[in-house]
Number of protein chains: 2
Amino acid sequence: MTDTAATATATVSKSEQAYTAIKSRIVDGTYSPGYRLVLAKIAEDLGVSVVPVREAIRRLEAEGLVKFERNVGATVAGIDPTEYLYTMQTLSIVEGAATALSAPLIGEADVARARAVNAEMRECLQHFDPVRFTRLNQDFHSVLFEHCPNPHILDLVHRGWNRLASLRSSTFRFVPGRAHESVDEHEALLQLIESGASPDDIEKAARRHRSATLDAYLAQAAAIELPTPQTTQQ
Amino acid sequence: MTDTAATATATVSKSEQAYTAIKSRIVDGTYSPGYRLVLAKIAEDLGVSVVPVREAIRRLEAEGLVKFERNVGATVAGIDPTEYLYTMQTLSIVEGAATALSAPLIGEADVARARAVNAEMRECLQHFDPVRFTRLNQDFHSVLFEHCPNPHILDLVHRGWNRLASLRSSTFRFVPGRAHESVDEHEALLQLIESGASPDDIEKAARRHRSATLDAYLAQAAAIELPTPQTTQQ
DNA sequence: GAGTACGAAATCGTATACGAAAACTATGGT
DNA sequence: ACCATAGTTTTCGTATACGATTTCGTACTC
C-alpha cells in the first residue's frame with residue numbers, strides 16, 4: 001500500500017497527490033464537515049510543503065468540497081439544509097440528463113448488474129445497514145449514468161455525488177420509508193430503460209427519483225425540527 | 001483605473017487578483033484559445049510572483065477555461081467542435097433548468113427589459129453586427145436565468161457562458177439564418193413566461209432554443225467541412 | 001463583573017530560490 | 001538529406017523563508 005503510493009509518487013505531482021489524498025479523506029469522512037484544514041498540518045501529514053497543499057485545497061474549493069476564507073483558513077464544506085437542497089436539486093438535473101443520455105448505451109449486462117445491486121439493497125433494508133445501502137445506491141446509479149457520452153455532464157454528476165458523500169448524506173437520506181420506495185423506483189427505472197422508453201421519459205423518471213429523496217428529507221427535517229443544522233463550526 | 005486596481009489590491013489577495021485578471025483576459029479574448037500561459041511571464045505582467053499565478057491557473061483549469069499539462073504548461077482551453085458540443089449540451093441542460101426555476105420570479109419589468117434587448121438584437125441583424133449581437137444575446141438570457149434561486153445551477157450556467165466566450169463562440173454561433181430564428185424564439189420564450197406556462201414547458205423551450213443553435217452549427221460545420229478545427233496549437 | 005485593549009501565538013500569503021523535467025537546437029552519423 | 005543524440009535553454013514544481021493578518025489569552029479599566 002505504502003509501496004504503491006510511493007511508486008505513484010514518482011509520476012504524480014505532489015499537488016496532485018495532495019489533491020487526491022485530501023479529497024478522499026473528505027469523501028470517506030475522515031475529514032468531516034467543519035473540520036479545519038490547516039495547511040501546515042496537512043503538509044506535514046502528507047510529507048510535502050504547503051504550496052502544493054494550498055493548491056489542492058483551492059481546487060477542492062472550486063468543486064465545492066472545501067470552504068476557504070481569506071487569511072482565516074479552509075474548512076471542509078459544512079452540512080447545511082440549504083446547501084443540501086441546492087446540491088440535490090442540481091444533481092437531480094444533471095443526473096437526470098446523464099441517465100437519459102446514457103440510456104441508449106446501457107446493455108443487458110448493465111441492467112443485470114444493476115438488478116443485482118438493487119437486490120442487495122433490498123437485503124440491506126432487512127438488516128438495516130444504511131452505510132452499505134448508501135454505497136450500493138451509488139453503485140446502482142453509476143450503472144445508469146456511467147455510459148453518458150458527455151464527459152462534462154458526467155463530471156458534474158460525480159461532483160454532486162462527492163458533495164453528498166462529504167456531507168455524510170446517509171444521515172440525511174436514510175429515511176427508512178423512503179429507502180423502500182427508492183428500491184422500487186430503481187426497478188421501475190430499469191424497466192423503463194429496458195423497454196426503450198424515450199430519453200425524455202427516462203430523464204423525468206430519474207429526476208423525480210432524486211427529487212423524491214430530497215422531498216422526503218425536507219418533510220422529515222420539518223417534522224423533527226431540523227436535528228442536523230449544526231450550522232457552521234466544527 | 002490603475003488607481004482603482006491599486007485600492008482593490010489592498011483588500012484582495014494577489015491570487016484572487018491573478019485569477020480575475022487572467023479570467024477576464026480569456027473571456028474577453030485577449031488570450032485566445034491555444035495561447036500559452038507561461039507562469040513567469042504572467043507573473044511579471046501582473047507584478048506578482050509565480051505562486052499566486054499558478055494557483056489562479058489551477059482554478060481556471062477547474063472551470064474548464066484552461067488546459068494544464070504536467071511539466072509542460074498551461075494553455076487557454078482550445079476550440080474544438082467536440083468540446084463545443086459538450087459545452088452546449090451541458091449548457092442547454094443547466095440553462096434550461098435555471099430558466100425554468102427563474103420563471104416564476106420574472107416580473108414585468110424583466111420581460112420589458114428582455115424585449116428591449118431583443119429588439120436591439122433585431123437591429124444588429126440589419127446592420128450585421130455579430131459581436132454586439134452576441135453580447136446582447138447574453139444580456140437577454142441573463143434576464144431569463146438571473147433570478148434562479150439555486151446558486152449552484154446559476155454558477156454552472158455562468159461557467160458555460162464563460163466557456164463559450166473563451167471559445168470565441170460568435171465565430172461558431174453566428175450562422176445568419178439561425179440568428180433570425182433565435183430572436184423569434186426569444187420572443188416565444190417571453191410569451192411563454194408571461195402566460196405563466198408550466199416550468200416544464202419553459203424548460204423544454206429554453207433547452208430546445210440552445211440545442212437548435214448547436215444543431216445549426218453542426219449542420220454548418222458538416223457542410224463546410226469544418227473550417228474551425230484548427231486543432232491544438234496556438 | 002463586564003468590556004476593552006494590548007500582546008503573543010498561530011496561521012495564512014507570497015516572494016525567492018533551486019532542482020527536475022521537457023522542449024528546443026545543434027552536431028554528427030548513416 | 002534525414003534521423004538520432006547530446007547539450008542547452010526554457011519552464012515547470014516545490015521547498016523554504018518571512019512578512020501580514022487574524023485569533024486567542026491576559027491584564028487592565030470602568
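Note: hydrogens, waters and symmetry copies are ignored here, and every other heavy atom, side chains too, is used. Note on naming: letters A, B, ... go to the chains in the order of the sequence lines (proteins, then strands), and numbering restarts at 1 for each one.
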Going by atom types alone, do A:Ser13 and B:Arg70 pair a side-chain donor with an acceptor below 3.5 Å?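 No.
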Just the table, please: protein N/O against nucleotides 15-19 of chain D N/O, every pair under 3.5 Å.
from, atom 1, to, atom 2, distance (Å)
D:dA15, OP1, A:Lys14, NZ, 3.2
D:dA15, OP2, A:Ser49, N, 2.4
D:dA15, OP2, A:Ser49, OG, 2.1

Pairs in or reaching into residues 38-51 of chain A: which pass side chain to side chain donor-acceptor pair (under 3.5 Å), with residues at least two apart or in two chains?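 Listed by first then second residue: A:Tyr35-A:Lys41.
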In whole angstroms, how far is the [atom2] atom of [N] from the [atom1] atom of [X]?
| X | N | atom1 | atom2 | result |
| --- | --- | --- | --- | --- |
| B:Arg58 | C:dG13 | CZ | C1' | 19 Å |
| A:Glu69 | C:dC12 | CD | P | 12 Å |
| A:Gln17 | D:dG13 | CD | P | 14 Å |
| A:Lys41 | C:dC12 | NZ | C1' | 16 Å |
| A:Arg70 | D:dT21 | CZ | P | 8 Å |

Step-by-step side-chain contact (heavy atoms from CB on, under 4.5 Å) determination, B:Trp161 to B:His141: CA-CA 10 Å; B:Trp161 278 90; B:His141 283 277; 3.6 Å; yes
Over 60° means perpendicular and under 30° means parallel, so tell me whether A:Tyr86 and B:His152 are parallel, tilted or perpendicular.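 It falls in the tilted class, 30° to 60°.
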My understanding is that only residues two or more places apart in sequence, or in another chain, count here; which of them pass side-chain hydrogen bond (donor to acceptor under 3.5 Å, both in side chains) with B:Asp155?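 Per chain and number, B:Asp155 pairs via side-chain hydrogen bond (donor to acceptor under 3.5 Å, both in side chains) with B:Arg159.
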Sequence-distant partners of A:Arg135, side-chain hydrogen bond (donor to acceptor under 3.5 Å, both in side chains), two or more places apart: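 A:Arg135 satisfies side-chain hydrogen bond (donor to acceptor under 3.5 Å, both in side chains) with no residue once adjacent residues are dropped.
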Go through the structure and list residues passing salt bridge (Lys or Arg N to Asp or Glu O under 4.0 Å) with A:Glu63, not counting sequence neighbours.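 Expected list: A:Lys23.
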Atom pairs under 3.5 Å: protein N/O with N/O of nucleotides 9-11 of chain D:
none

Can you see whether A:Tyr217 has A:Arg178 sitting over its ring - NZ or CZ less than 6.0 Å from the centre and within 45° of the normal?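 The answer is no; the distance or angle limit is not met.
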